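Since this is a predicted model, take the numbers as computed values, not measurements.
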Amino acid sequence: KSTPNTDIIKGRFVELVPGQRMVLSIDFVSDDLAFSGAMMMTWCLVAVKDGAKVTIVAENVPAGIGHEEHEAGMASSLANLATFVE
């Protein structure tokens, strides 16, 4: 956490294959080492009958980010993506 109520990140695309895959490096900005560091996220998209299947793999997630918290963040990201493309 950057502060108790905020997260500050710096992200950059490492790889982008339109319609198939994107790899992002996300740096968490925090004085607390449990919440700082670089996480790699790989998003893969596969066409399916009614749209697309999106698979996200997150590596090097900072230790301070709990599993449930991280799942909620990923669910929120997927919901935002669905809203954007619908």
Side-chain angles (χ1 to χ4, degrees):
K1 293 293 195 187
S2 301
T3 71
N5 297 315
T6 62
D7 294 313
I8 297 174
I9 64 166
K10 295 178 183 178
R12 65 181 177 89
F13 290 101
V14 175
E15 178 183 4
L16 184 58
V17 181
Q20 295 179 17
R21 169 184 165 102
M22 68 179 174
V23 180
L24 302 101
S25 176
I26 300 170
D27 294 313
F28 292 89
V29 178
S30 177
D31 292 334
D32 184 340
L33 294 179
F35 293 99
S36 65
M39 174 176 71
M40 294 294 286
M41 292 186 69
T42 303
W43 292 53
C44 294
L45 297 98
V46 176
V48 296
K49 182 180 177 184
D50 295 326
K53 176 182 176 184
V54 179
T55 304
I56 305 170
V57 175
E59 301 173 280
N60 301 320
V61 178
I65 300 174
H67 183 75
E68 289 180 4
E69 204 174 25
H70 197 235
E71 279 189 353
M74 294 298 93
S76 174
S77 294
L78 288 170
N80 289 336
L81 175 62
T83 299
F84 180 75
V85 298
E86 291 177 341

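- Atom CD1 of I9 is separated from atom OG of S30 by 13.0 Å, given to the nearest 0.5 angstrom.
- Screening I65, I26, L24 for a side chain to side chain contact (heavy atoms under 4.5 Å, CB included) with M39, the sole residue that qualifies is I26.
- V61 and W43 fall within the same hydrophobic cluster, where Ile, Leu, Val, Met, Phe, Trp and Tyr residues are linked whenever their side-chain heavy atoms come under 4.5 Å apart, directly or through other members.
- Using a 4.5 Å cut-off between side-chain heavy atoms of Ile, Leu, Val, Met, Phe, Trp and Tyr, with links allowed through other members, V48 and V17 fall into different hydrophobic clusters.
- For F28 against F35, the heavy-atom pair with the smallest separation is CB-O, 3.1 Å.
- Checked against side chain to side chain contact (heavy atoms under 4.5 Å, CB included), E59 has the following partners two or more places apart in sequence or in another chain: M40, V57.
- Residues that satisfy the salt bridge (Lys or Arg N to Asp or Glu O under 4.0 Å) test with E15, not counting sequence neighbours, are R21.
- The two residues S25 and A38 make their nearest non-hydrogen contact at OG-CB, 4.4 Å.
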For residues 70-81, which side-chain donor-acceptor pairs fall under 3.5 Å, sequence neighbours excluded?
residue : atom : partner : partner atom : Å
E71     : OE2  : H67     : NE2          : 2.8
S77     : OG   : G73     : O            : 3.2
N80     : ND2  : S76     : O            : 3.4

